[in-house]
Amino acid sequence: MILSAKYIFPVTSEPLRDGAILVKGDKIADIGELEALRLRYPDEEVTDFGLAALMPGFVDLHTRLEKSVLRGIVADQPYAQWILSIIERSTHLEASDWYDSAILGGLDALSSGITTVSDITSTGASLEAVESLGMRGVIYREVGAMDKMRIPHAMHAAAVDIDKWRASVDPTRVSVGVAPASIYANHPEVFRLTSQLAIKEELPVAIRLAGSREEYNFVMYGSSMFAVDNMDEEARGYVEIPPWLPFGVTPVRYALNWGAFDAPSVLVVYAVHVTDEDINKLREHDAAICTCPRANAMLGMGMAPLPEYLKGGFRMGLGTDSPAATDSTDMFSEMRVGLLMNRARGTRKFLDSKTMLELATIGGARALKMDDRIGSLEVGKLADIVAVDLSSSNQSIELNPIAAVVNTCFTSDVLMTMVGGKVLYEKSRWHVGVEVAKNIARVIEIRAKLKA
């Protein structure tokens, strides 16, 4: 088939006007001017999206699809209070609820042009959802234990799940990794053992690190509401008080001391509260960076030093974070908020729209070490393609079509989402392996339970 539109954004090269893409099987077979492709491939059916842009699908470096049903349940709270409230609400959910919630999150992602997700889960619901929907993804099995005596069991359970998950998915679309739980919910030994497991089983690693001031104070001073001696008995469980002392180092240095970056493929999520030394250490270990501008702003977490990471040549991209925090899985808003926050920061690096689009596509692919397959429109790459309507743009599209997408487009402007040559979403129509109406009905039931 041939896909055509007024604009083609290859991302790794300049935009094309009146261009087209030939899709054969699951890959891009040719790119060029529409009339030229018509002549070369006269038997191919042409789908013309008109005044629109064809571009690579977004790569969401950090989301929690299974948390989608919690959207708007906990609002107007800073990070530490928010996370504790979400944990409490989550106790009301059953295994089937998590799956239906993850399906909702996947549908949101596809309808907003996201074709690849990087997701951390302990239930496996996100893995099942991504597989069922035909999406592409890297799903990390979360592992954590606050009590040192429980670490062997936690690591064994994670290893068993990882083997099971790997056997249950299409490896051409979905891969499995491992992710230690957050610092304030984990014994430090877990970081070392997670790295060892990743090296042994050749797994990618995702670490949520240096995300909030509370976490920073917890590691540096042993204070904040995350400190174990501030927890009530139910939250504390069997953990000794305190299980470890303040370290007097930054979260990045703390994780480094416990071998958290020893694995060959490590993605650091957030990386907000970092020093220049932290940035240098992350660069030395070739850690990839995921920034989540909207969640950072919504929860008062701070702002990642994006210009410094760009200057340092990091592999990096954007994440939409938990829908329970941002209320949507929306990369358009992520690009826009990230752009505006960093411009307002007043650094000498003035970010432009092209940079933000790169972070949302090829940047995320590089962070996952998948840029040889996805993240840009190039011959031989997988046909993960999105069509975005530009007919309602408030900008002069001819002058800068990329700025028009980043500054003025919304999820409602997505006309089509394709993964591996298969159209999974068209405007108001789904081509996925789940009953969408049934899922929405289930989500309504679950939300009623959460509000009770």
NZ (K369) with more than 12 external heavy atoms under 6.0 Å: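 Yes - once you tally the heavy atoms of other residues, nucleotides and ligands closer than 6.0 Å, there are more than 12.
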Within 6.0 Å of CD in E445, more than 12 heavy atoms from elsewhere: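 Enclosed.
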Using the side-chain hydrogen bond (donor to acceptor under 3.5 Å, both in side chains) criterion, which residues pair with [X]? Sequence neighbours excluded.
| X | value |
| --- | --- |
| D163 | none |
| T172 | D170 |
| Y7 | E398 |
| D330 | S333 |

For residues [X] and [Y], determine if any side-chain heavy atom of one lies less than 4.5 Å from a side-chain heavy atom of the other.
| X | Y | result |
| --- | --- | --- |
| T411 | F332 | yes |
| S68 | S101 | yes |
| T329 | V117 | no |
| M416 | L3 | yes |
| L197 | V143 | no |
| I374 | T115 | no |
| L209 | Y270 | no |
| E215 | M301 | no |

Minimal non-hydrogen separation, [X] against [Y], with atom names:
| X | Y | answer |
| --- | --- | --- |
| G106 | L65 | N-CD2, 3.9 Å |
| S132 | I103 | CB-CD1, 4.4 Å |
| A367 | L267 | CB-CD1, 4.3 Å |
| P10 | P15 | CD-CA, 4.1 Å |
| L282 | I289 | CD1-CD1, 4.0 Å |
| D389 | L51 | OD1-O, 3.3 Å |

Residue pairs, two or more places apart or on separate chains, that pass salt bridge (charged side-chain N to carboxylate O under 4.0 Å, His left out) and touch [range]:
| range | answer |
| --- | --- |
| residues 399-420 | none |
| residues 48-64 | R64-E142 |
| residues 373-382 | E378-K381 |
| residues 98-122 | R71-D108, D100-R442 |

Derivation and outcome, side chain to side chain donor-acceptor pair (under 3.5 Å), residues N342 and R345: CA-CA 5 Å; N342 279 278; R345 187 172 176 235; 4.5 Å; no
SB check K281 E284 (cutoff 4.0 Å):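 Yes, this pair counts.
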Short N-O contact, R315 and D286, less than 4.0 angstrom: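 A salt bridge links R315 with D286.
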Check against side-chain contact (heavy atoms from CB on, under 4.5 Å), L377 and F9: CA-CA 7 Å; L377 302 182; F9 296 163; 5.7 Å; no
Sub-3.5 Å donor-acceptor pair from the side chain of [X] to the main-chain atoms of [Y], do we have one?
| X | Y | value |
| --- | --- | --- |
| R447 | V69 | yes |
| D327 | G72 | yes |
| S118 | L61 | yes |
| Y309 | A271 | yes |
| N439 | V436 | no |
| R173 | M135 | yes |

Test: R336 cationic atom under 6.0 Å from F410 six-membered ring centre, within 45° of axis: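 So R336 does make the cation-pi contact.
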Step-by-step side-chain contact (heavy atoms from CB on, under 4.5 Å) determination, L390 to K6: CA-CA 9 Å; L390 293 175; K6 181 64 177 178; over 6 Å; no
Atom [atom1] in [X], atom [atom2] in [Y]: separation rounded to 0.5 Å?
| X | Y | atom1 | atom2 | answer |
| --- | --- | --- | --- | --- |
| L16 | S4 | CG | OG | 12.5 Å |
| M370 | T116 | CE | OG1 | 5.0 Å |
| S126 | Y99 | OG | OH | 11.5 Å |
| M298 | C292 | CE | SG | 13.0 Å |
| L357 | M331 | CG | CE | 10.5 Å |
| K67 | I73 | NZ | CD1 | 12.5 Å |

Of all residues at least two apart in sequence or in a different chain, which pass the salt bridge (Lys or Arg N to Asp or Glu O under 4.0 Å) check with [X]?
| X | answer |
| --- | --- |
| D372 | none |
| E66 | none |
| E201 | R166 |

Mutual orientation of the aromatic rings belonging to Y79 and Y184 [parallel < 30°, tilted 30-60°, perpendicular > 60°]: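 Ring orientation, 0 to 90° scale: perpendicular.
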Trace of the salt bridge (Lys or Arg N to Asp or Glu O under 4.0 Å) decision for K24 with E44: CA-CA 10 Å; K24 286 281 192 181; E44 292 288 343; 2.6 Å; yes
side-chain contact (heavy atoms from CB on, under 4.5 Å) between S195 and V205, intermediate numbers included: CA-CA 8 Å; S195 289; V205 176; 5.6 Å; no
Worked check of side-chain contact (heavy atoms from CB on, under 4.5 Å) between S182 and F218: CA-CA 12 Å; S182 300; F218 173 72; over 6 Å; no
Do [X] and [Y] have a side chain donor and acceptor closer than 3.5 Å?
| X | Y | result |
| --- | --- | --- |
| S85 | Q77 | yes |
| H431 | E426 | yes |
| T123 | T121 | yes |

Hey, can you pull the donor-acceptor pairs under 3.5 Å for the side chains in residues 417-425, sequence neighbours left out?
from	atom 1	to	atom 2	distance (Å)
T417	OG1	L110	O	2.6

